[in-house]
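Working notes, structure below.
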Protein chains: 2
Amino acid sequence: MHRRHLLAGGAAAIGGTAVGWGTRGLRSEETSPAAVAAGEAVTGGETEPFHGVHQAGVVTPPQAHTSLLGLDLVDGAGTEDLTRMMRLLSDDAARLTSGTGALADTEPELAVSPARLTVTFGFGPRVLRMLRPAFDPGLQELPAFSLDRLDPAWGQTDVLVQVCAEDPVTVAHARRMLLKDASPFATTRWVQEGFRRARGTERAGTTMRNLMGQVDGTVNLPVEDHARLLWSEGAAAAFDGGTFLVLRRIEMDMVDWDRTDRVAREFTVGRRLSDGAPLTGDAEFDEPDFEATDAVGFPVIDPASHVARSRSENTDERFLRRAYNYAMPTGESGLLFVAYAADVERQFVPVQQRLDELDLLNEWVTTIGSAVYAVPPGCVEGDFVGREMLNLPPPTAAEQAGAGNRTGGRA
Amino acid sequence: MHRRHLLAGGAAAIGGTAVGWGTRGLRSEETSPAAVAAGEAVTGGETEPFHGVHQAGVVTPPQAHTSLLGLDLVDGAGTEDLTRMMRLLSDDAARLTSGTGALADTEPELAVSPARLTVTFGFGPRVLRMLRPAFDPGLQELPAFSLDRLDPAWGQTDVLVQVCAEDPVTVAHARRMLLKDASPFATTRWVQEGFRRARGTERAGTTMRNLMGQVDGTVNLPVEDHARLLWSEGAAAAFDGGTFLVLRRIEMDMVDWDRTDRVAREFTVGRRLSDGAPLTGDAEFDEPDFEATDAVGFPVIDPASHVARSRSENTDERFLRRAYNYAMPTGESGLLFVAYAADVERQFVPVQQRLDELDLLNEWVTTIGSAVYAVPPGCVEGDFVGREMLNLPPPTAAEQAGAGNRTGGRA
């Protein structure tokens, strides 16, 4: 099994087995049990490969920190500008994720600890419409949801760059290098920062909790469904192996949540706060029993609870979740809901429509930002992300060789 | 040697020896070499003791994340309100740092991973003037420095709460609990968030780099100088074992720094970028040789360089540095310079005055926020931070016993 596929593969994959951390680039003495026991383990050298059939950062076990960069192409920019930008940023990403400074990195000493850095690119609907129809995989903006209170400050952009790493210095440095190289071509509309538990705080594979204290993300997409429900195939020439990303900035009303007791909280979600088990079960990954009733005949899991409303009879209405918490210095906090699916309209929209119609949790959560992106397939060394969608020829053998020994110039 | 005293004790203590991480509260099988090797090491249970002669968070080896909370007492609040607030917040801190939820914690499941959480309290000059003169250790606001461009948004507050932990979720949760309990007594003027390398990214004891890429903090206060230059003695009744904190928010002009080549950068600081060694030396902790000249007779370390200007013949002009990086989503970045000293006027001010007069680095750094705080001594179980300064009797044996088994009510 490819390491990438170890992520969050439903109960079978995440309910106890350790997730394999990448260790490429690490000298073995640095992670030997003796070194670890002496408090000298050094994990900053761990890498996640940038090149591959799919982009990294999708099925990659989630790192502790993310910085989501929402970029808009400058006025008048076309596919040529986009091409130049993607060449530059892909080269930056390949170097930074391997622990090498970006080309002409101004602080190369900050780049030596990739700490499982991944850089993932996505194109918004406006960019897709710039492509020839044959290369547009057909992503539509989400339909309006009645409860959304969207702030354009967190809205749809032309390009998304998702930067994730275990180390906040690594994220800050990579972000700066990427935004600097993007600046001739695109302006930064927003940066959304998120976090999970630090690497090693919890047992690997533990489902995250959101800031309301709930276990969040128990139901995820098992690896056996990735081919059908995660990776695109046949949507457009040159998009096979890509996927779509839904980003929703979900603000939590923590002041009112604080006034809500634990019984009401568990009733709202349909799961126990202590361990995330459904109210009808004993453990997090037990299947909820929506037929079970209590002594007076009421359902144990309320039909309006979050777990009941998000569930569907249609097994296609599922997606890969990879969310992060956010907590602003100004006090607002919530969830950066990030989901990946091969078909947003078929897999994600029906679920969100059900929740928009009825979900007890809506009392405390409000989506204030929303965007969708097409995440192109991955690329090989010397190539750049999005090349096939831009209908450009693959790199020559010389270009690939040049990239391989890290002397390749930027075309 | 007490664990707390292992921090940053100059070359002798930090130049190679591993810093001992607290492990109280951890089951040994969770950090056994075998568990670590299997990727199942769980470090979230590590604790730093809240109670002690000194407050934690001063000589504690710096954790990866900080959240500095600047609070102002509400209009009309006096020492009684301050007392009530400090009782509450000390109780919160004692519980949260030990991995227990705050009393009536609304999300206790987020409190189970203290991850070396420390909570450190400081009083600003206005609060000190509220105390009886015998209990005021005499802290003055810093004199004006000509190059400062102070923004009141980051200015002096009545109270500082420094929250540090290895885990960002832990920091976010502790911050929320503390601000909630402080809210009847104080408003939040600012929250300043900072970060260093994640736990385990680098070898323990590695001097941090700032976002300009420089090794930052090589010269620190060795443990043998703590009694004389870190911990207050005799400044005021009830302040023995306390210290003073200087917080300076130093913005970096990264755009212009990017235009500066490595030779100029090293000349500016007087140290090599690669390893932080002085330009006259071979390794980070070598003493700079300010007399050394190059082939044409110029000094190797320029007398206007940062390392030359910050050095003093007077060995009292030193302090304990515990800085953090900051990088705002809006692009501004810099350093949260945090320093501790037994006497700010004698130890810190002369250094800053020299740098203000002349320091090549001033071309790229500007202090935009500045504040000073008196950090009271630590407290025993059942007691609260600042009690002696507020001239209140120590806790009774019953109060201490109550706190010991965590059933003590809040008076």
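- A distance of 11.0 Å separates CZ in Arg209(B) from NE2 in His173(A), rounded to the nearest 0.5 Å.
- Two residues are said to be in side-chain contact when any heavy atoms from C-beta on lie closer than 4.5 Å; Arg259(A) and Thr106(B) fail this criterion.
- Contacts of Val263(A) classified as side-chain contact (heavy atoms from CB on, under 4.5 Å), with partners at least two apart in sequence or in another chain: Asp261(A).
- For the set Val169(B), Val191(B), Val112(B), Thr330(B), the entry with the most heavy-atom pairs within less than 4.5 Å of chain A is Val169(B).
- In this structure, Glu193(A) and Ala327(B) approach most closely via the heavy-atom pair OE2-O, 4.1 Å.
- When heavy atoms are compared at a cutoff of 4.5 Å, Asn325(A) approaches chain B solely by way of its side chain, counted from C-beta outward.
- If you measure heavy-atom distances from Ala172(A) to chain B, the contacts under 4.5 Å come from the side chain alone.
- For chain B, the nearby part of Trp257(A) is the side chain; its heavy atoms alone come within less than 4.5 Å.
- A distance of 8.5 Å separates OG1 in Thr201(A) from CZ in Arg199(B), rounded to the nearest 0.5 Å.
- With a 4.5 angstrom heavy-atom cutoff, Met212(A) touches chain B only via backbone atoms.
- One distance of note links CD of Glu202(A) with CG of Asp167(B); it measures 7.5 Å at 0.5 Å rounding.
- Taking all atoms of both residues into account, the shortest heavy-atom contact from Arg262(B) to Pro108(A) is NH1-CG, 3.4 Å.
- In plain terms, the two heavy atoms of Arg203(B) and Val42(A) that are nearest each other are N-CG2, 3.5 Å.
- Heavy-atom pairs under 4.5 Å with chain A were tallied for Ala165(B), Pro168(B), Gly213(B); the largest tally goes to Pro168(B).
- Between the side chains of Arg197(B) and Thr170(A), at least one donor-acceptor pair of N or O atoms lies under 3.5 Å.
- Minimum heavy-atom separation, Asn210(A) to Leu110(B): O-CD2, 3.8 Å.
- With a 4.5 angstrom heavy-atom cutoff, Arg196(B) touches chain A only via backbone atoms.
- Among residues two or more places apart in sequence or in another chain, the side-chain contact (heavy atoms from CB on, under 4.5 Å) test is passed with Ser274(A) by Arg272(A), Glu109(B).
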